[in-house]
*Asks:* 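Sharing a structure with you now.
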Amino acid sequence: MMSTELFDRPGPIARRRARLWTAAVAVAALAIAIWAVAKLASQHVLDGNNWIVLTHPDVLSALLTGLLATLKVAGVSVVLSLVLGLFIALGRMSKRRWLNVTSRIWIEALRGLPELLLIFFIYLGFPAVTGASISTFWALVAGLVLYESASMAEAFRAGFLALPKGQSEAATALGVRYIKTLRYILLPQVIRQILPNLVSEMVRVTKASSLGFVIGYVELLLTGEQAIEYLGGQYAVPIFAGVAVLYVVICLILSRVSTILSKRLA
Amino acid sequence: MQLNEAMISIRDVNKYYGAFHVLKDIDLDVKRGEVVVVLGPSGSGKSTLCRTINRLEPINSGTISIEGQVLPEESGPLSELRSEVGMVFQQFNLFAHMTVLENVMFAPVQVRRQKRELARARALELLERVGVGAQKDKRPAQLSGGQQQRVAIARALAMDPKVMLFDEPTSSLDPEMIKEVLDVIVELTKAGMTMVVVTHEMGFAQTAADRIIFMAAGEIVEESTPQEFFSDCKTERAREFLSKVL
């Protein structure tokens with residue numbers, strides 16, 4: 001693989017300057033860290049017996065249940081918004097005017113709305129309009145999918161536009177129909193191209209699923225919150241730290257999977 | 001000329017890009033087994049003409065038929081017809097994510113529903129014939145331009161086309177690779193393939209063509225045998241063109 005250097009190699013003066021700045025920033029960062037730890041310790045936040053709570057079976061099983069609920073919402077939302085996003089992207093690139101215009105309105109309208117607003121709209125609006133009730137799970141999924149489908153559509157579209165036109169022309173000239181051209185020629189190349197974008201969208205959906213707590217869907221964040229309410233405020237930092245670690249782990253796994261996938265697809 | 005003799009028949013074809021008139025009242029018949037070479041300056045519409053024959057470019061008026069059958073309007077029958085018209089592009093357009101062998105097998109398996117083993121055997125035979133059999137498991141990006149173009153020819157031949165269209169097949173090749181591709185095309189002319197070749201290779205036009213079509217500004221300006229065209233062309237426009245390229 002060829003690597004491109006974006007900058008000239010630094011000369012002796014630039015190297016000295018870089019060393020100086022590195023040292024200065026390191027000293028400052030260390031000072032802030034020491035101050036923060038001392039402050040937390042003085043508030044008894046770092047006391048071992050507060051953190052022991054994370055090993056308690058009830059807390060652990062509660063957090064894992066929350067994690068599962070988060071993964072369920074995130075998984076369903078990701079799959080639905082991938083499929084919907086792909087169709088909207090195809091519509092956006094269609095020569096049929098009504099399809100093109102509809103998709104464009106969908107994308108522009110939904111990208112511009114906060115997810116929280118969409119979730120509220122659905123959770124409160126759906127029963128008001130149809131008279132039927134909607135579960136917190138599906139209200140959350142619908143809100144996330146509405147927003148995310150627009151982002152995914154734009155990611156797909158960028159991938160399609162980046163492919164040389166000759167790929168689909170060659171397939172067309174061989175008599176390959178549209179669906180098969182899409183399935184076998186275009187999509188494999190597009191997905192490989194936009195995999196990093198898709199993964200960051202997936203990470204975003206996972207994190208955005210924490211918005212479920214405003215409509216009372218019990219996912220990871222709300223589980224943590226409830227545990228703290230039950231156990232007491234002194235456990236807030238340890239439990240939120242535990243929640244944070246779980247979110248980070250999900251994202252790490254996702255990006256690891258994408259690295260493996262893109263190597264296999266290469 | 002008898003109707004059933006014409007493999008490709010182009011009648012009164014006009015095409016516009018917006019206000020720009022790219023093809024003006026084009027009339028052309030290509031007989032079975034005939035090799036027609038289209039010459040002309042850039043922007044004369046020769047590539048566009050080539051691409052209208054399998055309707056990669058739609059036309060505004062006129063008719064194009066292949067073996068007496070007018071190009072269908074509906075995508076189903078149109079795809080079927082395209083599968084019988086091989087096309088080779090200036091940029092090769094091999095499927096970048098597939099190996100050389102998969103490139104050649106793809107359409108026979110997916111469009112013709114051939115058995116994989118059958119398609120594979122035929123693909124290997126064709127790759128051997130164009131001289132890139134040893135590259136069968138490589139990706140297009142690992143091949144030279146000349147090799148890629150020969151794979152592209154094999155890919156088109158795998159569909160057993162009635163007609164082959166070549167749209168400037170050597171224009172993006174390094175000079176030392178032009179000959180290896182032209183040799184393959186010449187080989188095809190000897191095998192009796194009906195072909196339309198858009199090219200800037202005058203040597204090839206002179207030796208391989210049954211007929212030369214000279215286009216300028218969207219019109220067929222001159223139509224003659226290679227001998228006539230290169231020794232004694234009829235129009236001033238063609239003379240001017242030849243003085244620049246020869």
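On a predicted model such as this, the values are computed, not experimentally measured, just so you know. Quick note: numbers below take in every heavy atom, side chains included, and nothing from hydrogens, waters or symmetry partners. So that the names make sense, note that chain A is the first sequence line, chain B the second, and so on, each numbered from 1.
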*Asks:* By a 4.5 Å heavy-atom criterion (distance strictly below it), what part of B:Arg155 contacts chain A: side chain, backbone, both, or neither?
*Replies:* both
*Asks:* Other residues, nucleotides and ligands only: do more than 12 of their heavy atoms fall within 6.0 Å of CZ on A:Phe160?
*Replies:* yes
*Asks:* So for atom CG, which belongs to A:Asp8, do other residues, nucleotides or ligands contribute more than 12 heavy atoms lying within a distance under 6.0 Å?
*Replies:* no
*Asks:* Flag yes if more than 12 heavy atoms outside A:Arg256 fall under 6.0 Å of its CZ atom; otherwise flag no.
*Replies:* no
*Asks:* Please determine whether the number of non-hydrogen atoms from other residues, nucleotides or ligands lying under 6.0 Å from atom OH of B:Tyr17 exceeds 12.
*Replies:* yes
*Asks:* Could you check which of B:Leu94, B:Asn54, B:Leu165 has the highest count of heavy-atom pairs closer than 4.5 Å to chain A?
*Replies:* B:Leu94
*Asks:* Taking all non-hydrogen atoms of both residues into account, name the closest pair between A:Thr172 and B:Leu56 and its distance.
*Replies:* CG2-CD2, 3.9 Å
*Asks:* Mark yes when over 12 heavy atoms from residues, nucleotides or ligands other than B:Glu176 sit less than 6.0 Å from its CD; otherwise mark no.
*Replies:* yes
*Asks:* Quick one: pull up CG in A:Leu174 and CE in B:Met87 and give me the separation to the nearest 0.5 Å.
*Replies:* 11.0 Å
*Asks:* So which part of B:Leu78 gets closer than 4.5 Å to some heavy atom of chain A, the side chain, the backbone, both or neither?
*Replies:* neither
*Asks:* So for atom NZ, which belongs to A:Lys180, do other residues, nucleotides or ligands contribute more than 12 heavy atoms lying within a distance under 6.0 Å?
*Replies:* yes
*Asks:* For a 4.5 angstrom cut-off between non-hydrogen side-chain atoms, does B:Gln91 reach A:Pro164?
*Replies:* no
*Asks:* To the nearest 0.5 Å, how far apart are CZ in B:Phe89 and NZ in A:Lys165?
*Replies:* 10.0 Å
*Asks:* Please classify the contact between B:Phe106 and chain A as side chain, backbone, both or neither, with a heavy-atom cut-off of under 4.5 Å.
*Replies:* side chain
*Asks:* Grab the two heavy atoms, one from A:Glu169 and one from B:Asn93, that are nearest each other, plus how far apart they are.
*Replies:* OE1-ND2, 4.5 Å
*Asks:* Indicate the atoms forming the closest heavy-atom contact of B:Ala96 with A:Gln167, along with that distance.
*Replies:* N-OE1, 3.3 Å
*Asks:* Tell me if the CZ atom of B:Arg129 is crowded by more than 12 foreign heavy atoms within 6.0 Å.
*Replies:* no
*Asks:* Could you tell me whether a side-chain N or O of B:His97 sits under 3.5 Å from a main-chain N or O of A:Tyr184, the two making a donor and an acceptor?
*Replies:* yes
*Asks:* Should we count CZ of A:Phe137 as having more than 12 external heavy atoms under 6.0 Å?
*Replies:* yes
